[in-house]
Amino acid sequence: MSETSERLGLPYLMPAQAQKHVTVNETLRRLDALVQLCVTSRDIGEQPETPAAGAAYILPPDASGAAWTGQPADTIAVYQDGAWAFFTPHTGWRAFLADAGEGAVFDGAAWRLDSETVSRLDDLERLGVGTAADDTNRVAVRVNSALWTARETASGGTGDLRYVLNKQDAANTLSILMQSGWSGRAELGLTGSDDFTLKLSPDGVSWQDVLRARQADGVVQIVALEAGALQLDAHTPLSASAPGQAGTLCWDSDFVYICVAPDTWKRAALASW
């Protein structure tokens, strides 16, 4: 029979053992150190001069001090009864790191923070990144930049990236609302129908449809801005062969210009009536 337990190395009482209280106390000290383990840090490499009773640390590589020098990295050091006790972690042991504010698990080779080991989250009620989510905004993110990239074929993906946004029915809304100072200025999407619409607002209250693409026939409508007029910036091509893309329109005080083919312009004179 082994003299210690398999998992925590707790000493057993032996038959006819004298001074059984010594063994019991050693077991209690070990349990007090390892159960519900909370360590000050895993990054402090210099042995504290005046540690508090029960203070615990996970030793980094090359820890130094009268007792710490020579101890392997990832060893648990606990100050008990005026002396340092050292414990070798086993796979699956857990500790709370007070300075990091999160838990860690020993994977057999190193201590890994819980945030480093999470690979799957399912059926979350809310998710907040840098801010708090609520019952209306179940996902809330406050950052200055964000990146989405396709999984490459070398990583088991297709190399493509497609966002899928879905609404319940045609009468519902699926849109991207753009705000300034928490007041809406532009809305893009399927707003109250299945037609693709761009809306603008000067104050977040009054909205004007600017562009609409009908899903039934693909016709793109430029919605009235000023009495049904389409507004284009004034521009005069330098010549009939000036750079341009087919379909480009522009004007000046004398002509309307149309680019009919790459770098090929035609014009029509304007007349008063």
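Please read these numbers as outputs of a predicted model, since none were measured by experiment. Counting begins at 1 with the first residue of the sequence.
- With a 6.0 Å radius and a threshold of 12 heavy atoms from other residues, nucleotides or ligands, D107 has its CG atom above the threshold.
- Between D160 and R162 there is no salt bridge, since no side-chain N of the basic residue sits under 4.0 Å from a carboxylate O of the acidic one.
- The shortest non-hydrogen separation linking L113 to A100 is CD2-CB, 4.5 Å.
- Counting all heavy atoms, side chain and backbone alike, R185 lies closest to S180 at CG-CB, 4.0 Å.
- Proximity of a side-chain donor or acceptor of T264 to a complementary backbone N or O of P262 within less than 3.5 Å is detected.
- Counting non-hydrogen atoms of other residues, nucleotides and ligands closer than 6.0 Å to CG of D122 gives a total above 12.
- The environment of CG in L238 is sparse: at most 12 heavy-atom neighbours from other residues, nucleotides or ligands sit within 6.0 Å.
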Exercise for review: Could you walk me through whether E102 and S115 pass the side-chain hydrogen bond (donor to acceptor under 3.5 Å, both in side chains) test, one step at a time?
Suggested key: CA-CA 8 Å; E102 65 175 307; S115 58; 3.2 Å; yes
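- Remark: Q80 pairs with no residue by the side-chain hydrogen bond (donor to acceptor under 3.5 Å, both in side chains) rule, at least two apart or across chains.
- Taking the six-membered ring for Trp, W93 and F87 have ring centres at least 6.0 Å apart.
- Salt-bridge formation is detected for the pair D194/K167: a Lys NZ or Arg NE/NH1/NH2 atom is positioned less than 4.0 Å from an Asp or Glu carboxylate oxygen.
- V220 and L211 get closest at one heavy-atom pair: CG1-CD1, 3.6 Å.
- Atom CG of D123 sits in a sparse spot, with 12 or fewer heavy atoms from other residues, nucleotides or ligands closer than 6.0 Å.
- Between D134 and R126 there is no salt bridge, since none of the side-chain N atoms of the basic residue sits less than 4.0 Å from a carboxylate O of the acidic one.
- Under a hydrophobic clustering in which Ile, Leu, Val, Met, Phe, Trp and Tyr are joined whenever their side-chain heavy atoms come within less than 4.5 Å, directly or via other members, F86 and I76 fall into different clusters.
- Judged purely by distance below 3.5 Å, without hydrogens or angles, the side chains of D203 and S201 pair a donor atom with an acceptor atom.
- Taking every heavy atom of both residues into account, W111 and A104 meet most closely at CZ3-O, 4.0 Å.
- A cation-pi contact, defined as under 6.0 Å to the ring centre and within 45° of the axis, is absent between R267 and Y257.
- Between the S155 side chain and the G157 main chain, no donor and acceptor come within less than 3.5 Å of each other.
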